Number of protein chains: 2
Amino acid sequence: MPDHSSSPALSTITLPSVLGALSDPTRLGIVRVLSDGNERGWGELRAPIAKSTLSHHLKVLREAGVTQTRQEGTRCFVTLRRESLDARFPGLLPALLAAAVADHVGEHVTERDAAK
Amino acid sequence: MPDHSSSPALSTITLPSVLGALSDPTRLGIVRVLSDGNERGWGELRAPIAKSTLSHHLKVLREAGVTQTRQEGTRCFVTLRRESLDARFPGLLPALLAAAVADHVGEHVTERDAAK
DNA sequence: CGTATCGTTCGTCCGTTGCCGAACAAGCGG
DNA sequence: CCGCTTGTTCGGCAACGGACGAACGATACG
């Protein structure tokens with residue numbers, strides 16, 4: 001399971017790429033789920049899309065520096081890079097997250113248990 | 001010069017459309033120029049693109065509810081809808097603007113005088 | 001070992017978007 | 001009334017991006 005180390009350094013994170021990553025509803029939804037700071041397993045993420053597509057979205061987020069991925073055996077765990085993002089673009093992530101919640105964007109992405 | 005009244009109502013402004021509008025460097029640059037709250041004439045905006053393209057960008061911003069356009073005779077004037085945006089998505093615009101400035105995004109859009 | 005599981009990669013399809021030049025519509029000025 | 005200026009619209013092109021299924025590599029497990 002190659003290529004998981006492509007989390008860019010703080011200084012190489014750019015606004016266009018971050019904005020591009022967060023401009024997609026599904027990816028915004030993923031970030032919403034991760035927004036409490038806790039780690040999530042790949043398989044815990046639920047979205048009505050093919051797994052190859054989900055993998056693609058996770059890759060975009062990772063390469064934009066929005067998330068970080070840790071690998072353990074054959075499965076991997078995703079984390080939001082809150083501090084890094086906030087250091088680079090103060091206030092952006094919280095505002096974006098709040099706006100997403102207020103506007104019901106990304107609600108189609110949930111966790112496995114789906115406590116509803 | 002038809003169709004200038006398409007500034008959407010506050011409640012119809014959606015995050016995806018706003019984010020989509022602001023995900024383009026040129027449009028972000030336009031918003032940067034307008035960010036002081038002052039009105040600008042169409043012709044005052046300078047960007048290295050064809051005027052039809054500029055018109056297109058202005059239309060996207062207007063329809064997303066990011067800007068407002070006033071028409072006077074044969075020319076029109078553009079304003080940022082700061083209050084509306086901030087009412088709908090608190091903190092989003094300032095954070096986005098600050099991030100754009102910090103990351104030198106949209107600097108290819110300037111004003112006519114180009115006081116440099 | 002053989003097989004199941006997990007996540008990535010590949011190739012393809014198709015709708016969207018940025019960009020342009022040309023044509024057009026509308027007010028202004030001689 | 002004619003032409004100039006101003007901004008919009010149209011048609012077309014090329015690039016991008018999301019979506020999918022299939023195939024693959026890697027690890028876990030019986």
Side-chain angles (χ1 to χ4, degrees), chain A residues 1-7 14 16-31 39-64 66-79 105-106 108-109 112, chain B residues 1-7 14 16-31 34 39-64 66-79 105-106 108-109 111-112:
Chain A
M1 208 160 313
D3 197 21
H4 253 302
S5 49
S6 45
S7 299
T14 68
S17 59
V18 170
L19 232 44
L22 264 37
S23 69
D24 180 85
T26 298
R27 290 195 290 260
L28 250 189
I30 295 173
V31 171
E39 197 175 55
R40 295 291 191 294
W42 205 105
E44 294 190 61
L45 297 173
R46 287 291 169 204
I49 54 176
K51 67 174 183 173
S52 59
T53 306
L54 181 55
S55 180
H56 165 67
H57 285 315
L58 257 348
K59 181 181 181 181
V60 171
L61 286 172
R62 192 190 331 134
E63 293 186 338
V66 176
T67 62
Q68 213 167 6
T69 302
R70 184 177 62 87
Q71 194 171 346
E72 187 179 315
T74 176
R75 47 185 78 185
C76 40
F77 299 87
V78 193
T79 329
V105 174
H108 59 295
V109 180
R112 181 194 292 282
Chain B
M1 207 158 315
D3 195 24
H4 252 304
S5 50
S6 46
S7 298
T14 67
S17 59
V18 170
L19 232 45
L22 263 37
S23 70
D24 180 85
T26 297
R27 291 195 290 260
L28 248 188
I30 296 174
V31 171
L34 296 173
E39 196 176 57
R40 294 292 191 295
W42 204 104
E44 295 190 60
L45 297 173
R46 288 293 168 201
I49 54 176
K51 67 174 184 174
S52 59
T53 306
L54 182 55
S55 180
H56 164 68
H57 284 315
L58 257 345
K59 182 181 182 181
V60 171
L61 287 173
R62 191 191 331 133
E63 294 185 339
V66 176
T67 62
Q68 211 167 6
T69 302
R70 183 176 62 88
Q71 193 170 346
E72 187 178 315
T74 175
R75 48 185 77 183
C76 41
F77 298 86
V78 195
T79 329
V105 174
H108 59 296
V109 180
E111 298 192 60
R112 181 192 291 284

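Small disclaimer: the values here were computed from a predicted structure and weren't measured. Chain letters run A, B, ... following the sequence lines, proteins first, then strands; residues in each count from 1.
Taking a 4.0 Å limit (strictly below) on heavy-atom distances, residues 39-52 of chain A reaches DNA chain C at A:Trp42, A:Gly43, A:Lys51, A:Ser52.
Using a 4.5 Å heavy-atom cutoff, the side chains of B:Ile30 and B:Val66 are not in contact. Inter-residue side-chain proximity for A:His108 and A:Pro25 is flagged as met; some heavy-atom pair is nearer than 4.5 Å.
Scanning for side-chain hydrogen bond (donor to acceptor under 3.5 Å, both in side chains) contacts around B:Glu39 gives B:Arg70, with sequence neighbours left out. Not counting sequence neighbours, the partners of A:Leu19 by the side chain to side chain contact (heavy atoms under 4.5 Å, CB included) test are A:Leu15, B:Leu28, B:Leu96.
Applying the side chain to side chain donor-acceptor pair (under 3.5 Å) test to every pair with at least one member in residues 48-57 of chain A, sequence neighbours left out, gives these pairs: A:Arg27-A:His57.
When the C1' atoms of four end pairs are superposed on the next four at each end of the helix from C:dC1-D:dG30 to C:dG30-D:dC1, using five pairs per end, the two resulting axes differ in direction by 10°, to 10°.
Across D:dA19, C:dT9, C:dG27, the shortest atom-to-atom separation from the side chain of A:Thr26 is found for D:dA19. The side chain of B:Thr74 approaches C:dA26 more closely than any other nucleotide in the set C:dT5, D:dG7, C:dA26. Among the nucleotides D:dA28, C:dT8, D:dG18, the one closest to the side chain of A:Arg62 is C:dT8. Each of D:dA28, D:dG7, C:dC19 was ranked by its minimum atom distance to the side chain of B:His57; first place goes to C:dC19. The side chain of B:Thr53 lies closest to C:dC20 when the candidates are D:dT9, C:dC20, D:dA26.
Listed here is the closest heavy atom pair of A:Ala64 and A:Ser17: CB-O, 3.8 Å. Here the closest non-hydrogen pair linking B:Thr69 and B:Cys76 is CG2-CB, 3.7 Å. The two atoms that bring A:Thr26 and A:Val109 nearest to each other are O-CG2, 3.6 Å, heavy atoms only.
Within the 3.5 Å criterion, the main-chain N or O of A:Trp42 finds no donor-acceptor partner in the side chain of A:Arg75.
Protein atom CZ of A:Arg75 is 19 Å distant from nucleotide atom P of D:dA26, rounded to whole Å. Nucleotide D:dT6 holds its P atom 16 Å from the CZ atom of B:Arg70, rounded to whole Å. Between the CD atom of B:Gln71 and the P atom of D:dT6 there is a distance of 14 Å, rounded to whole Å. Rounded to whole angstrom, the span from the CG atom of A:Leu28 across to the P atom of D:dG18 amounts to 12 Å. At whole-Å resolution of the value, CG in B:Leu61 and P in D:dG7 are 16 Å apart. We find that NE2 of B:His56 is positioned 12 Å from P of D:dT8, with the value rounded to whole Å. Taking atom NZ on A:Lys59 and atom C1' on D:dA19, their separation rounds to 15 Å, with Å as the unit. Rounded to an integer number of Å, the gap from A:Glu72 CD to C:dT5 C1' is 16 Å.
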